[in-house]
Amino acid sequence: ELLPKYHFLKANSECLAVWCKTGVWATLQASSLLHLSAASQAKSATTLAMLAYSIQVSVPSSGVWGWMGFTTKASLLSAYPYLIPALAGYGV
């Protein structure tokens with residue numbers, strides 16, 4: 001069989017038209033959809049990382065001051081560095 005079975009994303013009439021004209025089995029609709037979703041995912045991850053960096057949390061002060069109950073402010077990502085791989089994984 002020369003042509004693959006019909007699939008609404010990978011093997012549709014647009015693929016056939018592109019193949020007849022160029023000899024390459026490809027679809028512009030699916031590739032543009034994948035490109036747009038990847039760009040929006042990266043944008044969302046960047047926005048989330050900037051939000052997590054801007055949030056201030058109270059953490060114990062260093063040294064004797066911390067033992068006496070004093071606190072200081074730090075960014076969420078500084079206080080909880082394990083969030084960084086989670087944000088990186090969200091952007092993938």
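Computed from a prediction, not measured in an experiment: that's the story for all the values here. Scope of the values below: all heavy atoms of this structure, side chains included, with no hydrogens, waters or symmetry mates.
A distance of 11.5 Å separates OH in Y80 from CD1 in I55, rounded to the nearest 0.5 Å.
S75 pairs by the side chain to side chain donor-acceptor pair (under 3.5 Å) definition with S78, not counting sequence neighbours. Remark: V59 pairs with V57, T72, A74, A79 by the side-chain contact (heavy atoms from CB on, under 4.5 Å) rule, at least two apart or across chains.
Hydrophobic clustering (ILVMFWY, side-chain heavy atoms < 4.5 Å, transitive): Y82 and L77 are in one cluster.
For Y6, the OH atom is densely surrounded, since the number of other residues' heavy atoms within 6.0 Å is greater than 12.
Here W65 is tied into one hydrophobic group with V64, M68, F70, each link being a pair of ILVMFWY side chains closer than 4.5 Å.
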